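Reading through the structure tokens given below for one structure.
The first residue in the sequence is number 1, and the count goes up from there. Just so it is clear, the structure is predicted and the values come from calculations on it, not from any experiment.
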Amino acid sequence: MAASVLGSACSPLRLGVAGLCRRRPPRSLGPRARRLPGLAGSGRSAAAASGSGASGADRYCMEMLRKRDYEGYICSLLLPAESRSSAFALRAFNVELAQVKDSVSEKTTGLMRMEFWKKTVDDIYCDSPPQQPVALELWKAVKRHNLTKRWLMKIIDEREKNLDDKAYRNIQELENYAENTQSSLLYLTLEILGVKDLHADHAASHIGKAQGIVTCLRATPYHGSRRRVFLPMDICMLHGVSQEDFLRKNQDKNVRDVIYDIASQAHLHLKHARSFQKSVPVRAFPAFLQTVALEDYLKKIQQVDFDIFHPSLQQKNTLLPLSLYIQSWRKSY
């Protein structure tokens with residue numbers, strides 16, 4: 001499974017309020033590097049970090065996250081102690097679903113696994129979870145925080161629809177997928193934190209969409225290695241770029257323009273999410289720590305002039321845990 005996981009001294013371009021960023025000026029006006037607006041240039045064990053007496057199922061979820069969703073793992077460690085085990089369960093559930101697509105060779109098998117998780121969620125809400133570590137921990141989280149079943153089912157349904165190897169037809173289709181998966185995950189995380197607030201929900205919606213877009217970008221080299229391209233077709237067609245250009249790792253201007261437009265949309269969602277910051281309850285901020293990793297990627301891709309295949313984009317940020325801790329201490333997102 002792909003890792004789930006932005007310059008020169010010219011003036012930055014600006015994002016439009018309602019859509020994608022403006023195109024670069026013609027070459028006759030002089031070359032300019034593209035920038036996304038507004039971007040400036042531990043020894044404890046997992047079991048101890050989640051609280052004493054961690055169960056085998058709890059440790060299973062933590063280990064799965066550490067291996068498969070490292071950023072989600074670190075973010076979960078920074079949640080209040082009483083919320084960590086539930087957050088681990090929730091993210092492990094998301095990982096279980098996310099890895100179905102890449103772990104099966106036939107769609108029928110994938111559909112069967114999705115059916116298992118649909119039945120599992122139904123059973124969880126009937127207090128009869130199957131003896132599976134993630135299911136057991138998710139059941140505990142549902143009981144502890146009265147989690148909304150609708151959000152769990154939305155994640156399953158959307159992952160199921162995404163089993164088809166088809167590119168997104170447009171950026172809105174990618175945003176809808178992100179809303180039903182990543183944003184739903186954040187709505188549930190807010191419930192774990194005991195937050196019921198409309199402004200927090202709005203922020204979660206935009207952060208989830210940014211997460212989905214960035215994840216799509218980050219996974220492009222991996223998908224390309226398997227001869228798959230999922231980037232929105234409308235933006236590719238706008239710049240005259242074909243799927244074969246990505247399969248061949250073409251790095252010309254038009255390919256970079258596609259990546260620039262998509263990355264700019266992710267940045268726009270982060271900007272919208274932060275516009276609610278003064279209205280969002282402080283206790284909701286830990287749910288949004290992933291904005292640190294999102295902005296880190298957007299800065300890196302800007303620094304390599306939107307070359308999606310640049311090796312630096314595949315390197316893990318060793319300072320990410322420190323950056324997340326500082327953001328947590330500042331109580332901001």
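If you run side chain to side chain contact (heavy atoms under 4.5 Å, CB included) between Phe306 and each of Ile301, Leu217, Ile262, only Ile301 comes through. Checking each of His206, Lys209, Arg274 against His269 for a side chain to side chain donor-acceptor pair (under 3.5 Å) leaves exactly one that passes, namely His206.
Between the CG atom of Leu319 and the CD1 atom of Ile326 there is a distance of 9.0 Å, given to the nearest 0.5 Å. Rounded to the nearest 0.5 angstrom, Arg144 CZ and Glu82 CD are separated by 10.0 Å. With values rounded to the nearest 0.5 angstrom, Arg113 atom CZ is found 14.0 Å from Glu115 atom CD. Between the NZ atom of Lys118 and the CD1 atom of Ile156 there is a distance of 7.5 Å, given to the nearest 0.5 Å. Distance check, rounded to the nearest 0.5 Å: CD of Gln290 to CG of Leu186 gives 4.5 Å. Between Tyr187 atom OH and Thr148 atom OG1 the span is 12.0 Å, to the nearest 0.5 Å.
Within the 4.5 Å cutoff, the side chain of Glu137 has heavy atoms near those of the Lys140 side chain. With a 4.5 Å cut-off on side-chain heavy atoms, Phe88 and Arg59 do not count as touching. At least one side-chain heavy atom of Ser83 sits under 4.5 Å from a side-chain heavy atom of Ile192. Between Lys253 and Asp305, every side-chain heavy-atom pair lies at or beyond the 4.5 Å cut-off. Residues Val142 and Leu152 form a side-chain contact, since some pair of their non-hydrogen atoms from C-beta on lies under 4.5 Å apart.
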Start with the C-alpha distance between Arg228 and Asp102, add both sets of side-chain angles, then the distance that settles salt bridge (Lys or Arg N to Asp or Glu O under 4.0 Å), and finish with yes or no.
CA-CA 12 Å; Arg228 298 172 179 173; Asp102 286 333; 3.5 Å; yes
Going through the distances and angles, do Asp122 and Lys149 end up as a salt bridge (Lys or Arg N to Asp or Glu O under 4.0 Å)?
CA-CA 9 Å; Asp122 283 336; Lys149 181 180 180 181; 2.7 Å; yes
For a salt bridge (Lys or Arg N to Asp or Glu O under 4.0 Å) check, start with the C-alpha distance between Arg66 and Glu71, then their side-chain angles and the critical distance, and finish with the verdict.
CA-CA 8 Å; Arg66 189 182 66 81; Glu71 292 171 3; over 6 Å; no
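Clustering ILVMFWY residues whenever any of their side-chain heavy atoms sit less than 4.5 angstrom apart, transitively, puts Ile235 in the very cluster that holds Ile259.
Judged by distance alone, the side chains of Asp245 and Ser242 do bring a donor and an acceptor atom under 3.5 Å apart. If you check the side chains of Gln211 and Thr215, you find a donor sitting under 3.5 Å from an acceptor.
Taking the six-membered ring for Trp and the full ring otherwise, Trp117 and Phe93 have centroids separated by under 6.0 Å.
In this structure, Lys166 forms no cation-pi arrangement with Phe230, as its terminal cationic atom is not both closer than 6.0 Å to the ring centre and no more than 45° off the ring axis.
More than 12 heavy atoms of other residues, nucleotides or ligands lie within 6.0 Å of CG in Asp127, so this atom counts as buried by the packing criterion. Applying the 6.0 Å contact sphere to CZ of Phe309 captures more than 12 heavy atoms from other residues, nucleotides or ligands.
Ring geometry for Tyr333 versus Phe288: interplanar angle over 60°, hence perpendicular rather than tilted (30 to 60°).
Residues Arg84 and Leu79 approach most closely at NE-O, 2.9 Å, considering heavy atoms.
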